[in-house]
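First up is the structure itself, then whatever we jot down about it.
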Protein chains: 2
Amino acid sequence: MTDEQRAERRTDPLTKAVIVQAAVEILDTAGEQGLTFRALSAHLSTGAGAIYHHVANKSELLTAVTDEVIAAALHGSDDSAEPEHGIRAVMLDVFDAIDAHPWVGTQLAAEPWQPAVLRIFNGVGGSLDALGVPGPSQFDAASVLVHHILGVAGQYAAGARLASPDADRSTFLGKVAARWMTAVDADEYPFLVRIAKTLSEHDDREQFRVGVDVILAGIATLR
Amino acid sequence: MTDEQRAERRTDPLTKAVIVQAAVEILDTAGEQGLTFRALSAHLSTGAGAIYHHVANKSELLTAVTDEVIAAALHGSDDSAEPEHGIRAVMLDVFDAIDAHPWVGTQLAAEPWQPAVLRIFNGVGGSLDALGVPGPSQFDAASVLVHHILGVAGQYAAGARLASPDADRSTFLGKVAARWMTAVDADEYPFLVRIAKTLSEHDDREQFRVGVDVILAGIATLR
DNA sequence: ACCTGAACACCGTTCAAGT
DNA sequence: ACCTGAACACCGTTCAAGT
């Protein structure tokens with residue numbers, strides 16, 4: 001009710017939820033390397049060791065933070081009427097979460113057995129029955145979809161790490177393509193040369209979407 | 001010609017190739033965390049700083065080491081007669097390289113713009129023309145294949161990090177499945193529960209191969 | 001020019017001491 | 001029980017001094 005609505009945090013008891021929230025803010029603001037226990041404890045106005053009363057170690061913290069973001073991203077996607085539509089919705093929800101928080105990409109790709117990945121796995125797998133994919137093939141089908149996400153995740157996160165924060169995606173990809181051309185023998189990498197010309201014009205989200213379509217078309221042959 | 005065939009390394013001049021070779025040995029023996037500049041310089045009987053005369057930093061070293069392994073793995077695969085066969089050969093060669101050196105998986109998934117990934121990209125893309133995929137779709141098609149590799153790469157590397165070195169893959173996957181079941185609400189993750197039962201019986205390489213088939217079937221619809 | 005290895009800056013994590 | 005913050009072990013990297 002006072003003028004300063006929330007500066008009382010240092011008197012609040014520390015909780016895992018508060019720590020996770022602070023970690024998200026630091027990761028979004030300062031990037032992956034910005035998240036240290038020193039930065040985190042400073043942000044929370046506490047000692048570095050205090051965090052260990054609520055989180056076992058940094059790995060568990062990153063796992064919790066990633067699950068938080070993915071759980072929120074998947075909350076909207078009801079597996080409603082059309083099963084293909086449900087799968088596309090889950091895939092694009094995850095893509096958009098990675099787009100908004102590139103550090104999530106690093107974490108998903110690096111630790112593929114963590115809760116967040118299981119969430120995604122279950123999300124895309126749940127519609128396969130309705131799609132007519134036989135039981136024994138459902139694991140294979142879901143894996144391809146999840147690998148597509150993990151692959152894109154790594155690519156996106158790497159882009160965020162390399163690109164200057166203000167540069168847009170297109171100019172970044174232009175630089176990547178230019179680097180390809182200098183680093184590589186054109187005769188030995190003919191396909192790469194062809195691709196490089198179109199790289200800066202391409203739309204990541206659209207390519208991801210097309211990839212999902214390709215995979216779904218392939219999954220249809222499993223019926 | 002003497003009894004001790006090669007202990008003269010400390011008198012050899014240090015080269016990037018020698019450093020990369022030593023790094024591979026350490027990574028294969030001691031794993032990802034085992035590769036430090038201190039361990040590396042000890043292995044090479046030199047000072048820690050000497051390495052920086054031949055390699056800019058650790059990131060460049062890892063990039064070079066990964067490219068070394070992938071280049072060797074791809075050396076056998078001629079893009080010969082049948083284009084689908086060529087793609088499958090490249091995909092499986094990379095899979096086997098990751099299987100033999102799980103740390104390659106971490107590196108591929110973490111830095112998807114590095115030379116080794118470009119090599120793979122070019123390898124799978126080169127056969128798409130012969131497959132009848134139209135030019136504008138070739139980038140999309142190759143991306144799906146590369147993402148499949150990167151996704152599997154991360155998964156494999158994570159497994160190697162978690163599993164005890166002597167345990168086989170099947171018992172490791174059994175533990176993963178068991179952890180799923182305790183960490184997760186069975187009602188909320190019905191697909192995961194179904195999968196967990198079959199996880200320990202499954203063959204990674206076979207699943208990877210089936211995934212490639214699914215993607216190739218999907219790519220066929222692009223013609 | 002290349003190598004040496006101590007020193008620097010900076011991590012994650014621990015733990016005795018406080019409240 | 002929870003928090004504090006100095007201390008510890010260990011990184012990647014630098015650099016003055018050697019050869």
Side-chain angles (χ1 to χ4, degrees), chain A residues 6-27 29-66 103 106-107 110-111 114 157-158 161-162, chain B residues 6-27 29-66 103 106-107 110-111 114 157-158 161-162:
Chain A
R6 35 177 174 164
E8 78 281 17
R9 189 182 269 150
R10 74 181 69 186
T11 64
D12 281 13
L14 211 53
T15 65
K16 186 168 177 177
V18 170
I19 293 171
V20 166
Q21 182 54 38
V24 170
E25 285 167 20
I26 291 175
L27 285 163
T29 314
E32 298 170 21
Q33 310 138 337
L35 183 66
T36 67
F37 275 73
R38 282 165 181 81
L40 191 55
S41 55
H43 191 128
L44 292 165
S45 318
T46 183
I51 297 166
Y52 286 89
H53 282 270
H54 303 92
V55 167
N57 49 42
K58 190 171 185 180
S59 169
E60 190 196 298
L61 174 61
L62 285 170
T63 289
V65 163
T66 303
W103 49 268
T106 306
Q107 187 57 21
E111 296 293 342
Q114 66 184 308
R161 238 176 289 133
L162 294 173
Chain B
R6 34 175 176 164
E8 78 282 16
R9 189 181 270 151
R10 73 180 73 185
T11 65
D12 281 13
L14 211 53
T15 64
K16 186 168 177 178
V18 171
I19 294 171
V20 166
Q21 184 53 38
V24 169
E25 285 168 20
I26 293 176
L27 284 163
T29 315
E32 298 170 22
Q33 310 136 340
L35 182 66
T36 67
F37 274 72
R38 282 165 181 79
L40 190 54
S41 55
H43 190 130
L44 291 165
S45 316
T46 184
I51 298 166
Y52 286 89
H53 283 271
H54 303 92
V55 167
N57 48 44
K58 190 171 186 181
S59 170
E60 190 196 297
L61 175 62
L62 285 169
T63 290
V65 163
T66 304
W103 50 268
T106 307
Q107 187 57 20
E111 297 293 341
Q114 66 184 308
R161 238 176 289 132
L162 293 173

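Residue numbers begin at 1 in each chain, while the letters A, B, ... track the order of the sequences.
- We find that CD of A:Gln33 is positioned 20 Å from P of D:dC11, with the value rounded to whole Å.
- Both distances falling under 3.5 Å, in either a Watson-Crick or a G-U wobble arrangement, place C:dC2 opposite D:dG18.
- Summarising the geometry, the separation between CD on A:Glu60 and P on C:dG12 is reported as 15 Å, rounded to the nearest angstrom.
- Checking C:dC3, C:dT13, C:dC11 against the side-chain heavy atoms of A:Phe37 singles out C:dT13 as nearest.
- The CD1-P distance, from B:Ile51 to D:dC15, rounds to 17 Å in whole Å.
- Taking every side-chain heavy atom of B:Arg38 into account, C:dA7 is the closest of C:dA7, D:dC3, C:dT13.
- Across the strands present, D:dG12 finds its partner in C:dC8; the criterion is a Watson-Crick or G-U wobble pair with both atom distances under 3.5 angstrom.
- By the 4.5 Å heavy-atom criterion applied to side chains, B:Asp12 and B:Val18 are not counted as neighbours.
- Among the nucleotides C:dC3, D:dG12, C:dT13, the one closest to the side chain of B:Ala50 is C:dC3.
- No side-chain donor-acceptor contact under 3.5 Å links A:Lys58 to the backbone of A:Phe37.
- Nucleotide C:dC10 holds its P atom 17 Å from the CG atom of A:Leu35, rounded to whole Å.
- Contact check for A:Ile26 versus A:His43: side-chain heavy atoms found under the 4.5 Å cut-off.
- Whole-Å rounding puts the B:His53 NE2 to C:dA1 P distance at 11 Å.
- Taking the side chain of A:Lys58 as heavy atoms from C-beta on, and the options D:dC11, D:dC3, C:dT13, the nearest nucleotide is C:dT13.
- Remark: P of D:dA16 and OH of B:Tyr52 are 17 Å apart, rounded to the nearest angstrom.
- For A:Thr63 and A:Glu111, the side-chain atoms include no donor-acceptor pair closer than 3.5 Å.
- With rounding to whole Å, A:Leu61 atom CG is found 10 Å from C:dG12 atom P.
- If you measure from atom CG of A:Leu40 to atom P of C:dT13, you get 12 Å, rounded to the nearest angstrom.
- Contact annotation: A:His54 side-chain N/O to D:dC2 OP1/OP2 distance is not under 4.0 Å.
- Side-chain N or O atoms of A:Gln114 include one that pairs as donor or acceptor with a backbone N or O of A:Gln107 at under 3.5 Å.
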